K.L.:
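Take this structure first; my questions come after.
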Amino acid sequence: MTQTRQNRSDSGREFEFTAGDFERVRNLIYKRAGIALAESKQEMVYSRLARRLRATGITSFVRYLDDLERGANDSEWEAFTNALTTNLTSFFREEHHFPILAEHVAKLKGPVEIWCSASSTGEEPYSIAITLCEAFGTLTPPAHIIATDIDTNVLNTAANGVYPIDRLGKMSAERAKRFFLKGKGEQAGLVRVRPELRKMITFQQLNLLADHWPVSGPFDVIFCRNVMIYFDKPTQGKILSRFAPLMKPDGLLFAGHSENFLYVTDAFKLRGKTVYELDPQGKARALPTRQT
Ligand SMILES: C[S@@+](CC[C@H](N)C(=O)[O-])C[C@H]1O[C@@H](n2cnc3c(N)ncnc32)[C@H](O)[C@@H]1O
């Protein structure tokens, strides 16, 4: 029997994790990232943070959380946050958005500026980049995407741009061939996004809750999909009121399928299919388009 097994508490867990510990975690991640963890997530939180205890060699949640709060180890905050985010994503997720994006950018004059604000492991910003290439008929469209996320692990994966081939899902063979390079030898079973796509995107860490956002806009399009669901309504409202002045007057905001912003802000109105546009009657007004 291993030392770890011998040390298992009555609950069968390797580390004691009380309702009070869980409550502390919920408060900390809410303050740090705006993530409102449901009560039902106690098991998930235990298993994700137990890995942090093992990695740091700390043997109790109380001590781990005390150290975190005292700021004894700044980089642990990053690991703590990374451990608690949910990063589910896929190429061309919520597919109906991409023809709307293509139609929108085709009408624009000048370089297209897009912010993908919860980009996870990169499938979403690369899908945006592919859509732009197809809309402009070139691998080097006049466009730039800033892709941000709070989680530094997923940003590294995104910037690397290498995926198991089955991540391409139902993507057509023609599209896959045009935008991905197939790995050979040791890289067999993997694909790498073409360098031209990678060059269109800047990846950067950004916490949507932070007072300062290192992005300037104005943006033609903001993607903010499947992240607001983790935030409560006041937090959603604050973020949306900060998006509005960063958008060009005719800009589009793409939301996730289960996200409804109508009751949290009057800055945006629904255009359809979870795509929003600025409401000229709303309180938050867009900045005038920057002359380029
Ligand atoms: C479920 S994924 C959605 C990814 C992608 N937008 C999509 O729809 O496929 C949610 C992402 O939001 C990020 N996230 C959570 N809280 C955040 C915050 N406060 N600021 C920025 N990103 C955050 C997570 O790290 C995660 O990668």
Side-chain angles (χ1 to χ4, degrees), residues 25-38 41 44-45 48-49 77-98 100-101 114-131 145-161 163 167-171 193 201-215 219 221-243 246 252-261 264 273-276:
V25 172
R26 288 177 80 199
N27 286 328
L28 290 173
I29 196 67
Y30 177 76
K31 278 198 203 129
R32 179 117 185 145
I35 297 173
L37 284 174
K41 300 287 182 190
M44 180 205 87
V45 166
R48 291 187 182 185
L49 289 183
W77 269 111
E78 187 175 316
F80 171 82
T81 309
N82 289 354
L84 294 177
T85 56
T86 299
N87 308 116
L88 183 78
T89 187
S90 59
F91 286 103
F92 292 94
R93 181 179 192 185
E94 296 173 37
E95 221 175 339
H96 57 276
H97 279 161
F98 294 92
I100 299 170
L101 172 66
I114 298 185
W115 179 18
C116 177
S117 69
S119 60
S120 189
T121 38
E123 289 86 338
E124 185 174 73
Y126 289 123
S127 302
I128 296 170
I130 291 172
T131 304
I145 302 161
I146 174 142
T148 63
D149 200 285
I150 195 173
D151 182 333
T152 50
N153 286 341
V154 293
L155 283 171
N156 287 337
T157 304
N160 211 15
Y163 301 92
R167 295 288 300 158
L168 298 185
K170 286 188 259 156
M171 190 182 296
V193 294
I201 308 173
T202 305
F203 291 99
Q204 193 165 339
Q205 200 226 9
L206 185 149
N207 181 354
L208 286 166
L209 230 72
D211 291 337
H212 171 69
W213 287 346
V215 293
F219 295 105
V221 172
I222 297 181
F223 269 68
C224 184
R225 304 192 311 169
N226 304 304
V227 61
M228 290 288 210
I229 33 163
Y230 301 106
F231 304 152
D232 58 19
K233 289 218 177 337
T235 307
Q236 293 180 6
K238 271 188 220 149
I239 292 170
L240 291 167
S241 65
R242 291 174 69 190
F243 279 163
L246 286 173
L252 295 183
L253 171 67
F254 289 79
H257 61 286
S258 60
E259 293 163 326
N260 184 347
F261 299 157
V264 287
K273 296 191 173 174
T274 55
V275 182
Y276 291 78

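Order of listing sets the numbers, starting from 1, for every ligand and every atom in it. A quick note: this is a predicted structure, and the numbers were derived from the prediction, not measured.
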K.L.:
Students often mix this up, so state it plainly: with edges at 30° and 60°, are the rings of Trp115 and Phe243 parallel, tilted or perpendicular?
P.N.:
perpendicular

K.L.:
Which residue holds the protein heavy atom closest to atom 25 (O) of ligand 1, what is that atom called, and what is the gap in Å?
P.N.:
Asp149 OD1, 2.6 Å

K.L.:
Has ligand 1 got any nitrogen or oxygen that is less than 3.5 angstrom from a nitrogen or oxygen of Val227?
P.N.:
no

K.L.:
Using a 3.5 Å cut-off on N or O atoms only, is Asn226 in polar contact with ligand 1?
P.N.:
yes

K.L.:
Provide the number and element of each atom of ligand 1 under 4.0 Å from a heavy atom of Tyr230.
P.N.:
1 (C)

K.L.:
I'd like to check whether Val154 has a polar contact with ligand 1, where a contact means an N/O of the residue lying under 3.5 Å from an N/O of the ligand.
P.N.:
no

K.L.:
Tell me which one of Ala118, Ser117, Ser120 gets a heavy atom nearest to atom 5 (C) of ligand 1.
P.N.:
Ala118

K.L.:
Looking only at N/O atoms, are Ser90 and ligand 1 under 3.5 Å apart anywhere?
P.N.:
no

K.L.:
Is there a donor-acceptor contact under 3.5 Å linking the side chains of Thr157 and Asn160?
P.N.:
no

K.L.:
Which bit of Leu206 gets closer than 4.0 Å to ligand 1, counting heavy atoms only: side chain, backbone, both or neither?
P.N.:
backbone

K.L.:
Below a 4.0 angstrom heavy-atom separation, can you tell me which part of Thr86, side chain or backbone, both or neither, approaches ligand 1?
P.N.:
backbone

K.L.:
One residue to check: Asn207. Relative to ligand 1, which of side chain, backbone, both or neither has a non-hydrogen atom less than 4.0 Å away?
P.N.:
both

K.L.:
Output the list of atoms in ligand 1 that are nearer than 4.0 Å to some heavy atom of Asp151, sorted by atom number.
P.N.:
25 (O)

K.L.:
Can you classify the ring geometry of Phe92 versus Phe98 as parallel (below 30°), tilted (30 to 60°) or perpendicular (above 60°)?
P.N.:
perpendicular

K.L.:
So is Phe223 close enough to ligand 1, meaning a heavy atom under 4.0 angstrom away?
P.N.:
no

K.L.:
Does the N or O separation between Arg225 and ligand 1 drop below 3.5 Å for any pair?
P.N.:
yes

